[in-house]
Q: 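Pasting in a structure now, in structure tokens, and then I'll have a few things to ask.
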Amino acid sequence: GFLLVFGFCWLFIPAIIVSIYFTIASCRLKDRWQKGLFAWGIFNVLLFGASFVFEPSCDAFLMAEHYEKNKKAMEELVKYADQALDDSAYVDLEFDDEEAEIFHVSSKSDSKISSNWNDEAEQKKDSLMKVVGLTPDEFEDIRHHLERIGCIGIKKDTSHPNGKTVIYFCRLGMGRYSFILYDNPISQEEKEEFMKNYEYIPYSDRVIFQYGGGAFGKQYFTKEEREEFLSKHQPW
């Protein structure tokens, strides 16, 4: 939707101006034509307002609430992925409904990551599963587990020394909110780095919230939302 509006702004802006003009011009309600135009204009205004009122949103407070509700299930998913994936395997998997939207993989013997997006990710999923040691049943189990915890994807590198797992929470516009989970408490150096970087909001010494932007729009958590959350929740 954002891309459509951005790409066709030359068409949408004149259409909005014309719609406003006809709504004002027809407010006299002299005949059926004016009444119809006025009603249509009011409908457009209400629809435009509703798009802002009911627009999906996310922030660190919502992420904290979601994590606490699904903490145990997330830990189970991390353990399951550890057992299902081969040693030193890397997988970056994101779903759009029931289809793989992103499926990047590499095995212990690979020198680089095989990146696969959109249709290619879904079409090649059987061969990509074999690269990281997933069976079709394990692949589906991971997808179902993500559905149960209300998340859209997982990134896992089984060679990471602290068992780092990223669980993708949701996408809004071009940005993506994620939970970064560690098997063990992070070091003091890592704590300081997370506190300085606006891409992250630390929740605890094992859980970090992450927001990554896209081609346009906000790129990180804003200073205000970050400071508000950290003023009410001390991560350590």
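Predicted, not measured: the structure shown is a model, and the values here were computed from it.
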Q: When you look at E190 and S187, which way does the side-chain hydrogen bond (donor to acceptor under 3.5 Å, both in side chains) test go after all the steps?
A: CA-CA 5 Å; E190 289 172 314; S187 66; 3.3 Å; yes

Q: Do I113 and L85 belong together in a cluster built from hydrophobic side chains that touch within less than 4.5 Å?
A: no

Q: With the side chain counted from C-beta on, respond yes when D183 and V78 share a heavy-atom pair under 4.5 Å apart, and no when they do not.
A: yes

Q: Kindly work out whether a path of hydrophobic side-chain contacts (I/L/V/M/F/W/Y, heavy atoms less than 4.5 Å apart) joins I201 to L172.
A: yes

Q: side-chain contact (heavy atoms from CB on, under 4.5 Å) for I186 and N162? Distances and angles first, verdict last.
A: CA-CA 8 Å; I186 59 176; N162 195 6; 4.3 Å; yes

Q: Rounded at 0.5 Å granularity, tell me how far CZ in R226 sits from CD in E199.
A: 10.5 Å

Q: Does any N or O in the side chain of N70 come within less than 3.5 Å of the main-chain N or O of Y67, such that one atom is a donor and the other an acceptor?
A: no

Q: Is it the case that one hydrophobic cluster holds both F169 and Y200, taking links as side-chain heavy atoms less than 4.5 Å apart, direct or via other members?
A: yes

Q: Please confirm whether Y203 and Y182 have ring centers closer than 6.0 angstrom.
A: no

Q: Starting from I152, can I reach I149 by hopping between I/L/V/M/F/W/Y residues whose side chains sit under 4.5 Å apart?
A: yes

Q: Closer than 4.0 angstrom, basic N to acidic O: yes or no for D82 and K156?
A: yes

Q: Ignoring hydrogens, what is the shortest heavy-atom contact between A81 and I154? Give both atom names and the distance.
A: CB-CD1, 4.1 Å

Q: To the closest 0.5 Å, what do you measure between CD (Q123) and CG (L128)?
A: 11.0 Å

Q: Can the ring centroids of Y80 and H145 be said to lie less than 6.0 angstrom from one another?
A: no

Q: If you measure from CD on E68 to CD on E65, what distance do you get to the nearest 0.5 Å?
A: 10.0 Å

Q: If you count every heavy atom of other residues, nucleotides or ligands that lies below 6.0 Å from N184 atom CG, does the total exceed 12?
A: yes

Q: Among Y198, Y177, Y168, whose ring pair (Phe, Tyr, Trp, His ring centres under 6.0 Å) with Y211 holds?
A: Y177

Q: Could you go through the side-chain hydrogen bond (donor to acceptor under 3.5 Å, both in side chains) check for S114 and N116 one step at a time?
A: CA-CA 7 Å; S114 171; N116 304 274; 3.1 Å; yes

Q: OG/S88 to CG/D157 distance, rounded to the nearest 0.5 angstrom?
A: 7.5 Å

Q: Is the number of heavy atoms from other residues, nucleotides or ligands under 6.0 Å of K108 NZ greater than 12?
A: no

Q: Would you check if Q210 and V166 make a side-chain contact, meaning some heavy-atom pair closer than 4.5 Å?
A: yes

Q: When you look at OH of Y220, are more than 12 heavy atoms from neighbouring residues, nucleotides or ligands closer to it than 6.0 Å?
A: no

Q: Within the structure provided, determine whether S204 and W236 are in side-chain contact (heavy-atom separation under 4.5 Å).
A: no

Q: Tell me if the aromatic rings of F209 and F179 count as close, with their centers under 6.0 Å from one another.
A: yes

Q: Go through D137 and T135 one step at a time and tell me if the side-chain hydrogen bond (donor to acceptor under 3.5 Å, both in side chains) criterion holds.
A: CA-CA 5 Å; D137 286 342; T135 67; 5.3 Å; no

Q: State whether the number of non-hydrogen atoms from other residues, nucleotides or ligands found under 6.0 Å of E98 atom CD is greater than 12.
A: no

Q: Is any side-chain heavy atom of I167 less than 4.5 Å from a side-chain heavy atom of L181?
A: yes

Q: Keeping D59 on the side-chain end and L62 on the backbone end, is there a donor-acceptor pair under 3.5 Å?
A: yes

Q: Quick one: do E138 and R143 satisfy side-chain contact (heavy atoms from CB on, under 4.5 Å)? Show the steps, please.
A: CA-CA 9 Å; E138 289 170 337; R143 184 178 68 80; over 6 Å; no

Q: Any idea which heavy atoms bring F229 and P202 closest together, and the distance?
A: CE2-O, 4.2 Å

Q: Considering all heavy atoms of both residues, which atom of T158 and which atom of D87 are nearest to each other, and what is their separation?
A: OG1-C, 3.6 Å

Q: Where do L134 and A84 come nearest, in terms of heavy atoms and distance?
A: CD2-CB, 3.7 Å

Q: Measuring only between side-chain heavy atoms, which start at C-beta, is C170 closer than 4.5 Å to C58?
A: yes

Q: Heavy atoms only: give me the nearest M74-C151 pair and the separation to one decimal.
A: CE-SG, 4.2 Å

Q: Under the side-chain contact (heavy atoms from CB on, under 4.5 Å) test against E94, which residue among R171, H104, K155 passes?
A: R171

Q: Within a strict 4.5 Å, meaning less than it, do heavy atoms of the K218 and M174 side chains meet?
A: no

Q: In the structure I gave you, are the side-chain heavy atoms of E101 and N118 within less than 4.5 Å of one another anywhere?
A: yes

Q: With a 4.5 Å heavy-atom cut-off, do Y90 and V132 have their side chains touching?
A: no

Q: More than 12 heavy atoms of other residues, nucleotides or ligands under 6.0 Å from CD of Q188: yes or no?
A: yes

Q: So among F139, F95, W117, which one has a ring pair (Phe, Tyr, Trp, His ring centres under 6.0 Å) with F103?
A: F139

Q: Can you name the nearest heavy-atom pair linking S106 to V131, along with the distance?
A: C-CG1, 4.1 Å

Q: Evaluate side-chain contact (heavy atoms from CB on, under 4.5 Å) for L77 paired with L146, printing each intermediate quantity in order.
A: CA-CA 8 Å; L77 173 58; L146 286 166; 3.7 Å; yes

Q: If two hydrophobic side chains count as joined below 4.5 Å and joins carry through other members, does I180 share a cluster with L93?
A: yes

Q: Between M195 and E192, does the side-chain contact (heavy atoms from CB on, under 4.5 Å) criterion hold? Intermediate values first, please.
A: CA-CA 5 Å; M195 289 297 288; E192 293 173 0; 5.8 Å; no

Q: Is any side-chain N of the basic residue among E75 and K71 closer than 4.0 Å to the acidic one's carboxylate O?
A: no

Q: Measuring from E120:CD to S115:OG, what's the distance to the nearest 0.5 Å?
A: 9.0 Å

